[in-house]
Amino acid sequence: MAGNQPGADDEPRLPDDIWERFQRDSLGQIEATAPKERSARWYEVTERLAAEEARREAAPKQRRVRRPRPRIAHAPVPRALTVCLVLVSVVLVLSAAAAYLQYGRVF
């Protein structure tokens with residue numbers, strides 16, 4: 001009566017290497033297709049970002065007032081000083097040229 005019991009010798013057995021390959025292939029497919037669970041930190045960050053965005057949208061828009069650049073006034077004193085220095089140098093060069101032409105030497 002041992003032949004009437006299920007699972008005795010009536011079931012064909014798979015070789016061990018085929019069974020291991022089946023388990024490995026099945027496990028790989030399950031891992032590849034299984035949905036990835038997000039971490040608790042991901043949920044915390046997502047919640048914080050959503051709260052910040054909602055707070056920004058609820059707050060009145062603040063228009064950023066841009067201060068104008070201070071204008072630099074053209075100071076007449078430095079410009080006048082520059083003009084004077086140029087005139088003095090031109091006079092010195094002309095007097096040196098006149099002295100050279102008249103006396104054959106400068107100073």
Original post:
Apart from Leu49 itself, what residues make up its hydrophobic cluster when side-chain heavy atoms of I, L, V, M, F, W and Y under 4.5 Å apart count as a link, directly or indirectly?
Top reply: Val45
Subject >> For Arg38, all residues meeting side chain to side chain contact (heavy atoms under 4.5 Å, CB included), sequence neighbours excluded >> reply: Trp42, Tyr43
Subject >> More than 12 heavy atoms from other groups under 6.0 Å of CG on Asp16 >> reply: no
Original post:
For Arg56, which residues count as a salt bridge (Lys or Arg N to Asp or Glu O under 4.0 Å) partner, sequence neighbours excluded?
Top reply: Glu52
Original post:
Residues two or more places apart in sequence or in another chain: which of them pass side chain to side chain contact (heavy atoms under 4.5 Å, CB included) with Pro68?
Top reply: none
Original post:
Of all residues at least two apart in sequence or in a different chain, which pass the side chain to side chain contact (heavy atoms under 4.5 Å, CB included) check with Ser89?
Top reply: none
Original post:
Given a cutoff of under 4.5 Å between side-chain heavy atoms of I, L, V, M, F, W and Y, with clusters grown through shared members, what are the other residues clustered with Leu87?
Top reply: Val83
